[in-house]
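Written below as structure tokens is the structure these notes are about.
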Amino acid sequence: MSFAEIEELVGPLPRSATVYSAWWSNESSSGRHVQSRAWMEAGREVVSVDRELRLVRFSHAEWRRGS
């Protein structure tokens, strides 16, 4: 997905999404990044991110324990 497509769904991404790779990390439910919790609870994980091209690739939806 492009960052623009994501922003159509959830509103503007914070500046840190384009500056820091860590913003896109897949953290467990006990992590601090609420955005990571949201995509992981939807059964997705970030597979790759290109901040320069403003593209992110998510895994296919999968059932995860606790989601």
Side-chain angles (χ1 to χ4, degrees):
M1 293 182 82
S2 69
F3 285 16
E5 290 171 318
I6 294 169
E7 290 176 324
E8 285 180 30
L9 295 172
V10 300
L13 291 170
R15 182 176 177 273
S16 55
T18 59
V19 175
Y20 303 109
S21 294
W23 195 90
W24 297 99
S25 64
N26 297 307
E27 285 190 357
S28 66
S29 61
S30 61
R32 297 178 307 140
H33 295 134
V34 294
Q35 71 278 7
S36 178
R37 203 170 322 140
W39 62 67
M40 292 187 78
E41 287 178 1
R44 306 289 180 143
E45 289 185 353
V46 171
V47 174
S48 63
V49 63
D50 186 323
R51 294 185 329 269
E52 187 174 310
L53 294 177
R54 298 178 52 88
L55 295 171
V56 62
R57 188 172 142 231
F58 292 97
S59 66
H60 294 288
E62 295 180 17
W63 178 86
R64 298 192 195 315
R65 182 178 298 276
S67 58

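For E27 (side chain) and S36 (main-chain N/O), no donor-acceptor pair under 3.5 Å exists by modelled atom type. A donor-acceptor pair is defined here as one N or O able to donate and one able to accept, closer than 3.5 Å; such a pair exists between the side chain of E5 and the backbone of S2. The backbone N or O of E45 sits nowhere less than 3.5 Å from a side-chain atom of N26 that would complete a donor-acceptor pair.
In terms of the salt bridge (Lys or Arg N to Asp or Glu O under 4.0 Å) criterion, residue partners of E7 (sequence neighbours excluded) are, by chain and number, R54.
Contact check for F3 versus V49: side-chain heavy atoms found under the 4.5 Å cut-off. Side chains of M1 and F58 form a contact here, defined as non-hydrogen atoms less than 4.5 Å apart.
Within the hydrophobic cluster formed by Ile, Leu, Val, Met, Phe, Trp and Tyr side chains joined at under 4.5 Å, directly or through other members, L53 is accompanied by L55.
Closest heavy-atom contact between G43 and S59: O-OG, 4.2 Å.
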- request: Could you go through the side chain to side chain contact (heavy atoms under 4.5 Å, CB included) check for I6 and W39 one step at a time?
  value: CA-CA 11 Å; I6 294 169; W39 62 67; over 6 Å; no
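A single hydrophobic cluster is seen to contain both V10 and M40, as judged by linkage of ILVMFWY side chains at heavy-atom distances under 4.5 Å, directly or through other members.
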Under 3.5 Å, which donor-acceptor pairs link side chains of residues 16-25 to any protein atom two or more places apart or in another chain?
residue	atom	partner	partner atom	Å
T18	OG1	R15	O	2.8
S21	OG	R51	NH1	2.3
W24	NE1	A17	O	2.8
S25	OG	A22	O	2.9

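Taken from CD in Q35 to CG in L13, the straight-line distance is 9.0 Å, to the nearest 0.5 Å.
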